[in-house]
Amino acid sequence: MAVGYACLTIGVKDAALSRCILKNATQDTIIEITKQNLDALEVMMDYNIHHNIQLFRISSDIIPFGSHPVNQVEWWNQCKDLFECIRKKIIQGNIRVSMHPGQYTVLNSLQQNVIENAVRDLVYHDKVLEALGMDQSCKIILHIGGVYGDKNKAMDTFARQYEKLPRTIKDRLIIENDDKNFTISEVLEVSKKIGAPVVFDNLHHAINPPEEQRPDCEWIKECKKTWNSTDGKQKIHYSQQKENAPAGSHSDMIFYNDFLSFYHRLNEKEIDIMLEVKDKNLSAVKCKNILENARVEELKEEWSRYKYLILSRSPNLYTVINEAFVKSESREEFAPWFYERIEQALELPVNSKAQVTAAECIWDRIYDSCTETERKRYEKLLYSYSKENGTLSSLKNHLFKCVNLRNLQELVDSLYFYLN
DNA sequence: TGACGTCAAGATCCG
DNA sequence: CGGATCTTGACGTCA
């Protein structure tokens with residue numbers, strides 16, 4: 001079983017993706033951004049290796065305008081070495097990668113040019129996985145598409161278009177239930193026709209359930225039948241509804257309790273779970289640490305990333321957690337205890353007093369070596385934030401700049417600077 | 001015609 | 001002028 005995350009790695013230096021708009025998409029710009037993004041992907045893989053994350057979705061934005069005619073770059077040739085380097089890391093970390101064209105890639109469209117674009121997009125996604133030397137178990141996930149007033153006809157159209165695809169793409173393509181149109185039961189029906197494996201998405205399913213009511217784990221069992229040995233382990237998507245947001249909005253973080261009960265209800269543990277969540281890698285590492293019952297020692301690094309963020313939310317919880325690490329507490333179930341408190345702190349409303357405490361604490365680390373200008377700016381920003389006419393982000397930005405100039409490693413990597 | 005989703009780039013504003 | 005904040009882009013469907 002692997003838990004994974006999609007596209008972006010939060011809180012890691014040099015892991016950000018770049019892009020450009022169509023107007024600026026010259027061949028030179030495209031190749032430059034491509035190289036930058038492959039470098040970033042390599043950094044993400046380093047992170048995945050280090051945290052033992054074995055499931056990862058590569059962003060469709062990895063190649064700018066990857067399936068657009070404006071991109072005439074033979075990136076798979078020009079960046080061979082970079083791809084090879086990333087491939088080695090994927091192998092080293094035993095990572096299963098995938099890709100997922102978005103809601104705008106519609107294979108069953110009524111418009112021929114939309115279909116052509118969709119096919120081009122699938123070719124592009126396959127080409128990325130091909131350039132990385134990945135086998136058939138590294139999948140491309142697609143939704144069925146539009147309904148156009150007649151669901152059965154739309155499903156047939158999808159099947160017909162699927163059949164026309166090149167073999168290599170068919171071997172990678174898997175299909176997923178969506179939140180508006182095609183329920184899990186309908187996607188299974190399509191799968192019967194075309195033979196593509198089915199991905200169960202729990203949140204889409206909750207919003208857009210089929211008439212036949214069965215527990216999630218039974219639908220998952222049903223989906224498993226669509227996976228054969230060359231497809232690799234069955235994959236599912238897991239996400240949680242964000243409170244007080246439109247149906248289908250992904251939560252800021254995965255609350256581990258609900259995740260655990262979902263996990264324990266699964267009949268089949270030989271399964272890969274892709275989390276879809278705002279905080280990406282952070283929730284993936286959390287769920288993994290909890291499933292593996294990580295001990296105090298193993299969570300020290302996690303704590304050093306979270307500590308200033310938690311301090312900025314709740315000095316109380318900060319102290320409670322910090323004590324446990326100082327004393328190297330060997331309590332049973334340490335990981336759930338730890339993350340429960342992290343979740344609690346992150347759920348609290350913004351507390352400007354705590355924010356000031358954390359800022360002062362970070363400034364203490366800079367103070368000895370600060371310039372006059374840095375100090376004045378810090379004092380001004382802190383003062384105006386505490387007087388409610390300055391923003392927290394400008395204060396944090398200034399601190400982040402100071403911290404980076406000095407290469408204060410623990411602070412450079414602190415989630416304090418990456419989450420609000 | 002605009003909402004949907006994504007998130008960095010681009011544009012504009014501010015001191 | 002640098003930095004902060006708001007808006008745009010690129011895709012297709014559907015109300």
Side-chain angles (χ1 to χ4, degrees), chain A residues 5-10 14-26 29-30 32-34 36-37 40 57-71 99-122 124-125 141-151 153-154 157-158 161 176 178-182 201 203-204 207-208 237 239 241-242 245-252 276-280 373-374 376-378 380-381 383-385 389-402 404 418-420:
Chain A
Y5 65 98
C7 305
L8 303 174
T9 309
I10 287 180
D14 301 322
L17 295 177
S18 307
R19 54 212 320 206
C20 65
I21 57 172
L22 196 48
K23 196 176 68 179
N24 302 334
T26 62
T29 305
I30 288 170
E32 192 192 324
I33 292 175
T34 297
Q36 275 177 36
N37 286 351
R57 181 190 300 161
I58 296 172
S59 170
S60 297
D61 290 341
I62 195 76
I63 311 291
F65 296 99
S67 64
H68 192 287
V70 76
N71 185 336
M99 296 188 80
H100 188 5
Q103 56 180 307
Y104 299 111
T105 301
V106 183
L107 192 58
N108 74 342
S109 176
L110 298 180
Q111 303 174 72
Q112 192 53 37
N113 73 305
V114 173
I115 296 175
E116 283 163 14
N117 290 346
V119 172
R120 236 198 341 260
D121 207 32
L122 292 173
Y124 152 65
H125 284 84
I141 296 100
L142 194 65
H143 294 289
I144 303 300
V147 172
Y148 315 106
D150 184 342
K151 222 174 229 190
K153 196 176 155 205
T157 310
F158 182 89
Q161 295 304 331
E176 182 196 348
D178 66 77
D179 57 350
K180 294 223 157 59
N181 303 330
F182 296 93
D201 182 306
L203 187 56
H204 291 162
I207 295 164
N208 181 27
H237 290 175
S239 56
Q241 172 68 44
K242 185 186 171 94
S249 304
H250 292 151
S251 58
D252 292 340
E276 294 183 319
V277 57
K278 290 268 157 52
D279 76 354
K280 307 285 180 186
T373 329
E374 283 171 341
K376 280 195 170 146
R377 184 163 169 76
Y378 163 72
K380 188 187 156 221
L381 289 168
Y383 180 79
S384 53
Y385 173 69
N389 53 7
T391 64
L392 183 57
S393 65
S394 49
L395 176 59
K396 281 194 177 190
N397 283 349
H398 178 57
L399 289 171
F400 195 43
K401 207 169 256 183
C402 296
N404 273 299
Y418 293 93
L419 298 181
N420 288 315

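Keep in mind it's a predicted model, so treat the numbers as computed, not measured.
A/H68 is linked by a ring pair (Phe, Tyr, Trp, His ring centres under 6.0 Å) to A/F65, counting only residues two or more places apart in sequence or in another chain. Applying the side-chain hydrogen bond (donor to acceptor under 3.5 Å, both in side chains) test to A/D179 and every residue at least two apart in sequence or in another chain returns nothing. With sequence neighbours excluded, the residues satisfying side chain to side chain contact (heavy atoms under 4.5 Å, CB included) with A/K278 are A/D252. Listed by chain and residue number, A/E186 satisfy the salt bridge (Lys or Arg N to Asp or Glu O under 4.0 Å) test with A/K151 (two or more places apart in sequence, or in another chain). Partners of A/A247 according to the side chain to side chain contact (heavy atoms under 4.5 Å, CB included) rule, which considers only residues two or more places apart in sequence or in another chain, are A/I207, A/Q241. With sequence neighbours left out, A/R57 forms a salt bridge (Lys or Arg N to Asp or Glu O under 4.0 Å) with A/E276. For A/Y378, the side chain to side chain contact (heavy atoms under 4.5 Å, CB included) partners are A/E360, A/W363, A/L382, A/L395, A/H398, A/L399, not counting sequence neighbours.
A donor-acceptor pair under 3.5 Å is absent between the side-chain atoms of A/T29 and the main chain of A/A25, judged by distance alone. Of the possible donor and acceptor atoms, one in the side chain of A/N208 sits under 3.5 Å from a partner among the backbone N and O of A/D178. At distances below 3.5 Å, at least one donor-acceptor pair connects side-chain atoms of A/Y124 with backbone N or O atoms of A/S60.
Nucleic acid contact class of A/N117 (heavy atoms, under 4.0 Å, all strands): sugar-phosphate only. No contact: A/S249 has no heavy atom under 4.0 Å from any strand.
Sorted by residue number, the members of residues 102-111 of chain A with any non-hydrogen atom under 4.0 Å from DNA chain C read A/Y104, A/V106, A/S109, A/Q111.
Place A/K401 and A/F65 on DNA chain C by their nearest nucleotides, and A/K401 ends up nearer the 5' end. Between A/Y148 and A/R377, the residue anchored closer to the 5' end of DNA chain C is A/R377, taking for each the nucleotide with the nearest heavy atom.
Applying the side-chain hydrogen bond (donor to acceptor under 3.5 Å, both in side chains) test to pairs two or more places apart or on separate chains, those with a residue in residues 99-110 of chain A are A/H100-A/E176, A/T105-A/D121.
Proximity of A/L392 to A/N420: side-chain heavy atoms (C-beta onward) are nowhere separated by under 4.5 Å.
Defining each end axis of the helix from B/dT1-C/dA15 to B/dG15-C/dC1 as the rotation carrying four pairs' C1' atoms onto the next four, with five pairs an end, the two axes are found to diverge by 80° to 10 degrees.
Nucleotides of DNA chain C with any atom under 4.0 Å from a heavy atom of chain A span, from 5' to 3', C/dG3 to C/dC14.
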Heavy-atom protein contacts under 4.0 Å, nucleotides 6-15 of chain B, coded B base, S sugar-phosphate only, - none
-BSSSS----
Residue pair A/I10, A/Y5: steps toward the side chain to side chain contact (heavy atoms under 4.5 Å, CB included) verdict
CA-CA 11 Å; A/I10 287 180; A/Y5 65 98; over 6 Å; no
